[in-house]
Amino acid sequence: PEVIPFLLDNEQIIAKCQTDYCFAARLLFRFDPYPYQAKILIDNSPFVAIRQARQTGKSFVVAARLLLDIIFNEGYKILVLAPSMRQVQFFRDRIDTHLNRLPPEVRAMLFKPRGILRQKIETQLESVIYFVTNSPDLILGFTAHKVFADEAAMLKNDYYLFDNILYPMLASTNGSL
């Protein structure tokens, strides 16, 4: 962990992290993904659905993926959407697991002072993860490059939400869901 700040000053290491999220997860979060988790980390498809058994590390690996997206992309906006505040907070806790594995000096390099809050996480590169519940009123007005819908089958008014809010939002940024 003490060597991570020096590695992040190396342009070759940064380039490798940007193109290989499995490498980045191992380096930054000390997380060695299983093969099925590695597929999630490297998948750049615009629409991804994950159906796996309970307790297989889905939220854990998606949390790592979203953090890596904002760490290595400038001005990148992500919206984390869940049916209830409890589920939003649960997912936010998965992200904290990864953040807590970063040495303090690396956190200071990557994230703004007071950039790690309960409702959002903001990097030095002006990239942000916002955490919201399933309410069209809360989601309207956001522009996002990626939307993560946790427990998507449980979202209320899902057709209205996706057709009238999320798809147009993502179309403006050529984003992914």
Gap separating the [atom1] atom of [X] from the [atom2] atom of [Y], nearest 0.5 angstrom:
| X | Y | atom1 | atom2 | value |
| --- | --- | --- | --- | --- |
| Leu28 | Tyr21 | CG | OH | 11.0 Å |
| Ile165 | Tyr167 | CD1 | OH | 13.0 Å |
| Leu155 | Leu166 | CG | CG | 8.5 Å |
| Ser127 | Ile78 | OG | CD1 | 7.5 Å |
| Lys39 | Ile50 | NZ | CD1 | 12.0 Å |
| Leu110 | Leu102 | CG | CG | 6.5 Å |

Quick check: does any side chain N or O of [X] sit under 3.5 Å from a backbone N or O of [Y], one acting as donor and the other as acceptor?
| X | Y | result |
| --- | --- | --- |
| Thr123 | Leu125 | yes |
| Arg94 | Phe60 | no |
| Arg92 | Leu117 | yes |
| His145 | Gly175 | no |
| Asn157 | Tyr160 | no |
| Lys16 | Ala24 | no |
| Asn134 | Lys156 | yes |
| Tyr36 | Thr56 | yes |
| Gln124 | Phe111 | yes |
| Lys120 | Gly115 | no |

Given the rule that I, L, V, M, F, W and Y join up when any side-chain heavy atoms are under 4.5 Å apart, are [X] and [Y] in one cluster?
| X | Y | value |
| --- | --- | --- |
| Leu68 | Val106 | yes |
| Val128 | Met109 | no |
| Phe131 | Ile70 | yes |
| Tyr130 | Leu140 | yes |
| Phe72 | Val61 | yes |

At their closest point, which heavy atom of [X] faces which heavy atom of [Y], and how far apart are they?
| X | Y | answer |
| --- | --- | --- |
| Met169 | Leu79 | CE-CD2, 4.0 Å |
| Ile116 | Ile121 | CG1-CG2, 4.3 Å |
| Leu27 | Cys17 | CD2-SG, 3.8 Å |
| Arg54 | Lys58 | CA-NZ, 4.0 Å |
| Pro83 | Glu151 | CG-O, 3.7 Å |
| Leu170 | Ala144 | CD2-O, 3.7 Å |

Q | Salt bridge present between Arg114 and Glu122 (N-O < 4.0 angstrom) | A |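 Not counted as a salt bridge, because no side-chain N and carboxylate O are separated by less than 4.0 Å.
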**Q.** Charged N-O contact under 4.0 Å between Arg101 and Asp96
**A.**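 Salt bridge flag = no for Asp96 with Arg101.
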Would you mind reporting whether [Y] and [X] have side-chain heavy atoms less than 4.5 Å apart?
| X | Y | value |
| --- | --- | --- |
| Ser84 | Gln89 | no |
| Asp69 | Arg65 | yes |
| Leu161 | Leu81 | yes |
| Ile129 | Phe148 | no |
| Phe142 | Val147 | no |
| Thr97 | Phe29 | no |
| Thr143 | Ser172 | yes |

Q. Side-chain donor-acceptor pair under 3.5 Å between Asp43 and Ser45, yes or no?
A.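 Their side chains do contain a donor-acceptor pair, which is all the 3.5 Å distance test asks for.
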Q) Are Ile40 and Val62 close enough, and set up right, to give a side chain to side chain contact (heavy atoms under 4.5 Å, CB included), and what steps lead you there? A) CA-CA 7 Å; Ile40 295 168; Val62 170; 4.1 Å; yes
Q) So Lys146 and Leu66, side chain to side chain contact (heavy atoms under 4.5 Å, CB included) or not? Walk me through it. A) CA-CA 9 Å; Lys146 183 176 281 188; Leu66 298 183; 3.6 Å; yes
(Q) With a sphere of 6.0 Å drawn around CZ of Phe47, does it hold more than 12 non-hydrogen atoms of other residues, nucleotides or ligands? (A)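 Result for CZ/Phe47: enclosed.
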Q) Under 6.0 Å from the CG atom of Asn100, do we count more than 12 heavy atoms belonging to anything else shown? A)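 For Asn100, atom CG is crowded (more than 12 foreign heavy atoms under 6.0 Å).
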Q | Cys22 and Ile42: CA distance, side-chain angles, deciding distance, side chain to side chain contact (heavy atoms under 4.5 Å, CB included) verdict | A | CA-CA 7 Å; Cys22 291; Ile42 63 173; 4.0 Å; yes
Q) Does Arg86 make a cation-pi contact with Phe90, if we ask for NZ or CZ under 6.0 Å from the ring centre and within 45° of the axis? A)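 Judged by the rule (NZ or CZ under 6.0 Å from the ring centre, within 45° of its axis), Arg86 is not positioned above Phe90.
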